[in-house]
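Here is the structure we will look at.
First listed ligand is number 1; within each ligand, the first listed atom is number 1. By convention here, the first residue in the shown sequence is residue 1. Just so it is clear, the model here is predicted, and its values are computed rather than measured.
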Amino acid sequence: MKANHHSHHALHTFTPDPMEAAAAPDPSAPPAVRIALEAKATNWEVSPGVTISGYGYNGQVPGPVIEATQGEPIEIAFTNNLSEPTLIHWHGLRVPAAMDGTQATQRPVAPGETFVYRFTPPDAGTFWYHPHANETEQLEKGLYGAFIVRGADEPVVDREQILVFDDVDADKQGRLSKFGGFRERHDGREGDIRLINGKAEPELTIAAGQVERWRIINASSARYIRLSLGGATFRIIGTDGGLIEAPVEATEVLLPTADRVDILVGPLEEGQTLSIDSLRYLRSTMKVRGKERFGTLKVGPAKPSIASIPSRLRTIEPLAPIDATPTRNVKFSVGLSLRNIIDFNVNGETHHTDKPVKVGELQIWDVENASLMDHPFHLHGFFFQVLSIDGKAPAFRSWEDVVNLPPRTTVKIAWIPEDRPGKWMYHCHILEHHEAGMMGHFDLVR
Ligand SMILES: [Cu+2]
């Protein structure tokens, strides 16, 4: 069927935005991939006998993996069968503003309503989707899923695994702890049930001698994953915005909340058992966490390998020199207040309204963390390059939509606002900090 023969307009219950015309499929484009997604109450078994009464997309946690092809239109008919409003943000995808799925760009989808998201993913990479309404509760209850976009020229591996990390704060029966205590508002919500793909500390397998691509997503509300595979060396090949220029060997990698990384695992030797851990990471929380296990990797009998990893994966042209003069300063801070006890601010205010950005004008932002805690900075809808962290270049060049802001540190980023005008935002991706106001809105104007 041709893309212009869609009959899905009848499902459109949201008053069309003028922006939406820009998002309509090109009639000459190939047929869209069509997906139906439903949010509903879901009983989610994290381990035998421990079931969380939460939410799921299509009755599962994580939601179904959405697979798309770079440059091919996709259409997602989303139905809300929860008892509360929700909407879906396509995290990391460079979509038109009207499709970004925030309350700045659309009215939340009310219970019983359907909204059709349409866009064409321009980049190959590992992305994810999650609500952008009452998100502290909706994500914790299980609303999140992987969104994979495949390019034409990907490294050849023996097998791919998608690993979505999360943690849940619930008791031994799976009853979710009460939301919103002081520690939770300060630290963000962390839990002692540690999950990969919705299961507590699962056992994964790999064949000896083979090389797998693991696409890893940190979907937790607040927890930082300092990933280690029992000290084994792996190769980083991609970050938020797809492949990096060349594989980078590592024994650990830090994923703040919402971050992604693609790694090559293997070749390993038969009989090895590796612990999939998050190493001790201090981000100035009230509760300190040491090394904790998320899963186990068992190496099975050897199988032949067809893996072929080029030494050069991609070219990423630098957008600006390391010492480029900032065009804007964005300051994250935490302060005490009479009203909220603790305020999470951007440029001195909660839910900051920032100056407009003009299409095509190179943005150089000094993003300063003036507080004593880490915050993961997330920019909606655009990739940026990290030019420097307190004046020092990062270990390798990459495209990102999340970068950690360590305490008392300034991260200089560069990005190009392409011609996708509308309402955009950036925020701390510790969900409780975002909810408390650590965010900025801005208009992208022509
Ligand atoms: Cu934060």
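Counting only heavy atoms from C-beta outward, the side chains of L405 and P376 never approach each other to under 4.5 Å.
Checking H434 against the Cu ion (ligand 1), every N/O/S atom stays at or beyond the 2.8 Å cut-off. Taking backbone and side-chain atoms together, C428 has an N/O/S atom less than 2.8 Å away from the Cu ion (ligand 1).
Minimum heavy-atom separation, L37 to I88: CD2-CD1, 3.9 Å.
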Check against salt bridge (Lys or Arg N to Asp or Glu O under 4.0 Å), R213 and E154: CA-CA 11 Å; R213 178 177 184 166; E154 304 267 3; 2.8 Å; yes
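Once rounded to the nearest 0.5 Å, the distance linking CZ of F115 with OH of Y117 reads 5.5 Å.
Closest N/O/S atom of H433 to the Cu ion (ligand 1): ND1. Atom ND1 is the N, O or S atom of H375 at the shortest distance from the Cu ion (ligand 1).
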